[in-house]
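Below is one structure, written out as structure tokens, with a few remarks after it.
Numbers restart at 1 for each chain; the letters A, B, ... are given by sequence-line order, proteins then strands.
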Number of protein chains: 2
Amino acid sequence: MDVRALATLRAVRTQGGVTAAAEVLHLTPSAVSQQLATLGREAGVALTERVGRGLRLTSAGNALADAAGDVAVAIERARAACDVFLGSPVGVVDVSAFQSGAQLLLPGLLTRVARLGGITVRCTDEDVAQDDFAALTDRVDIVVAHRPDGGAEWTDAGRGLRVVPLLREPLDVAVGVGHPLAGRDDVRAADLVDQDWIAVREGFPVARVLAAVAAASGSTPRVAHRINDFSVAEALVAAGHGISLLPRHTAGRSAGVRLVPLTGVRAGRRVDALLRPDRAERLVVRTVLDELVALAGEIDRG
Amino acid sequence: MDVRALATLRAVRTQGGVTAAAEVLHLTPSAVSQQLATLGREAGVALTERVGRGLRLTSAGNALADAAGDVAVAIERARAACDVFLGSPVGVVDVSAFQSGAQLLLPGLLTRVARLGGITVRCTDEDVAQDDFAALTDRVDIVVAHRPDGGAEWTDAGRGLRVVPLLREPLDVAVGVGHPLAGRDDVRAADLVDQDWIAVREGFPVARVLAAVAAASGSTPRVAHRINDFSVAEALVAAGHGISLLPRHTAGRSAGVRLVPLTGVRAGRRVDALLRPDRAERLVVRTVLDELVALAGEIDRG
DNA sequence: GTCGTGGATGTAGCGTCGCTTCATGGACGT
DNA sequence: ACGTCCATGAAGCGACGCTACATCCACGAC
């Protein structure tokens, strides 16, 4: 029962295939395949079964992968047990965030962590669909993700995902300064029919919020553009090419845009930190996470 | 954080040294030493410190060894997770027992387990002092041990020892058929002053029971011989060389001996099964243990 | 139908890592 | 002071797991 092989099995499940697993493990598909073979030989039962040109875990494979999660946690706990004797935690933590979250949180996080000394934070910005956030936890330690407030939870492919709430951000209606609604203190769903919308791509986190807002006024939104990057969307709004739903703390920095609060409908997004349970045991990771939570709390309050 | 190195660290703690650990792990002391060195390098802190010509774990080493126990458990759980898909458990289980316990339990255990099919039980008889029973759990899967009833618990050197009670056996006074007490239905402590005793060696499980019995009559026992093997002791009793305290179910088989119950003092021994927690996760081990418990229950009742 | 692609799996070969063997150096007891 | 016990270092060897390459199968395109 090699621990590395157990980790490989988990990766095959979460990534959905040998090649993808090999990717996150920095191995060749052949190595992954060989590890699965030897593991299955040891176990005495088939752990995987072919389906089409890919494969999936058998029930035995799933059971073993579940147990493998606990093994990984136990090992990281062991490492952490040493680290407490090592003074303040030291090391490198990989953080991934979607663009607007990165813009909102990463600068502050880096300065906060820099004050502690000895911890290196490596940032990546990732733009993925709602269902793909969890898979990122195989690549980095902390994933900053967002989802519609009140919407679906995170899809966790048997990973025991740790979800740490960071903040809730209202979604305001962004209009150009020349727009008829620009002077309003607030707007209702009914005020928003017959507008050109700048929305995000289908399947991406706040896509469904717009549909919900429109549904409140009994209409379907007219989508002129699909732009995932909020700052690009904001530029389009400023230029008068449509209106958009933008997060309050992140958007509204450019002069040509007004953010008008939306009343009568609950529109917002939740920003969460996602971690794989074994990674969550690492002391450096916990430290960085604590800073992230504290920072988000400050933003959330004021 | 190699799992084998973690297991080695645990063995060094429980066995109290590099050489002894190497023994139970079937390695050379050099290999153990090298594993500790690399583990300490990874951990970044010293895990061991020299004391005299041996060594002991530092506090960091102890913390890591504790965590290593959980790692071992998690891994065995993973193995067990596969075994449930494998039909009835198969494999080999090593059992160790002290002589009289072995005589009482092992024959029945072997026939019971043989009925299940596919499980090989390897038996060993071990005669060790009270404090050394726990250390045997590094060598075999199940240790059948005994201790004075009401006496000290098992000394567990940070091993998280699993203790499974098997049975309680009263200690009777064994006398030769020609002895004045042979006709009695029971005896009291006061009847036993000024007798030649056949006791067990100092530090061995039921040694203190005799002292307790004597104390009840306000005297100190006169020990003529120190014999650890109860059947040898019984032969001496039969030949009239003294009297002894012998377990009721185990002794009294030879014609020249009478077992007379002792009243007014609570004299007995408890027989327990001792397991290392990781070993206790193995499905075969659990199966054999269940049979052992059932068998002991039968003996205890009738 | 054929062809091309994507993905999993075998085989050969090589590097690396951990073991054993042997030698060294302290610490304790006689 | 010597011998013994125990942990540790250096050299060498074997084994294991990886990469690279080839093969095979399933699916989709034309």
Side-chain angles (χ1 to χ4, degrees), chain A residues 1-43 45-58 60-62 64-65 68 71-72 75 132 135 138 157, chain B residues 1-43 45-58 60-62 64-65 68 71-72 75 132 135 138 157:
Chain A
M1 285 281 154
D2 180 26
V3 182
R4 293 177 27 76
L6 289 177
T8 301
L9 182 69
R10 289 199 310 144
V12 168
R13 174 165 68 174
T14 57
Q15 297 294 318
V18 170
T19 307
E23 179 88 6
V24 302
L25 296 172
H26 305 293
L27 289 175
T28 60
S30 180
V32 170
S33 185
Q34 289 173 42
Q35 287 190 7
L36 291 183
T38 50
L39 196 60
R41 211 176 310 126
E42 267 185 88
V45 286
L47 300 175
T48 60
E49 56 190 359
R50 305 230 28 169
V51 43
R53 42 188 169 190
L55 54 71
R56 68 154 169 257
L57 300 203
T58 63
N62 271 301
L64 184 55
V71 172
I75 289 188
D132 297 338
D138 283 339
Chain B
M1 282 283 154
D2 181 26
V3 182
R4 293 177 25 77
L6 289 177
T8 301
L9 182 68
R10 290 198 308 143
V12 168
R13 174 166 68 173
T14 57
Q15 298 295 318
V18 169
T19 307
E23 180 89 7
V24 303
L25 296 171
H26 306 292
L27 289 174
T28 59
S30 179
V32 171
S33 185
Q34 289 174 39
Q35 287 191 6
L36 291 183
T38 51
L39 196 60
R41 210 176 311 126
E42 268 184 88
V45 286
L47 300 175
T48 60
E49 57 191 359
R50 306 233 23 173
V51 43
R53 44 187 168 187
L55 52 70
R56 68 156 170 254
L57 301 202
T58 63
N62 270 302
L64 184 55
V71 172
I75 289 188
D132 297 338
D138 283 340

One character per nucleotide, please: for nucleotides 12-30 of chain C, 5' to 3', B when the base has a protein heavy atom closer than 4.0 Å, S when only the sugar-phosphate does, - otherwise. -------BBB-----BB--

Between side-chain atoms of residues 19-30 of chain A and protein atoms elsewhere (two or more places apart, or another chain), which donor-acceptor pairs fall under 3.5 Å?
{"unit_1": "A:Thr28", "atom_1": "OG1", "unit_2": "A:Ala31", "atom_2": "N", "d": "3.3"}
{"unit_1": "A:Ser30", "atom_1": "OG", "unit_2": "A:Gln34", "atom_2": "NE2", "d": "3.0"}

Closest contact, heavy atoms only, [X] versus [Y]:
{"X": "B:Gln35", "Y": "B:Arg4", "answer": "OE1-O, 3.6 Å"}
{"X": "A:Ser33", "Y": "A:Val18", "answer": "N-CG1, 4.2 Å"}
{"X": "B:Gln15", "Y": "B:Ala135", "answer": "NE2-O, 3.3 Å"}
{"X": "A:Ala60", "Y": "A:Ala46", "answer": "CB-O, 4.1 Å"}

Test side chain to side chain contact (heavy atoms under 4.5 Å, CB included) on A:Met1 and A:Leu6; report intermediate values, then the result. CA-CA 7 Å; A:Met1 285 281 154; A:Leu6 289 177; 4.3 Å; yes

Could you state the atom-to-atom distance from [atom1] of [X] to [atom2] of [N] in whole Å?
{"X": "B:Glu49", "N": "D:dA7", "atom1": "CD", "atom2": "C1'", "value": "15 Å"}
{"X": "A:Leu57", "N": "C:dA8", "atom1": "CG", "atom2": "P", "value": "12 Å"}
{"X": "B:Leu36", "N": "D:dC6", "atom1": "CG", "atom2": "P", "value": "16 Å"}

What is the distance from atom CZ of A:Arg13 to atom CG of A:Asp138, rounded to the nearest 0.5 Å? 11.0 Å

When rounded to the nearest 0.5 Å, the distance separating CG of B:Leu64 from CG of B:Leu57 is 9.0 Å

List in numerical order all residues of residues 6-22 of chain A for which some heavy atom is under 4.0 Å away from an atom belonging to DNA chain D.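 Heavy-atom cutoff 4.0 Å gives no residues at all.
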
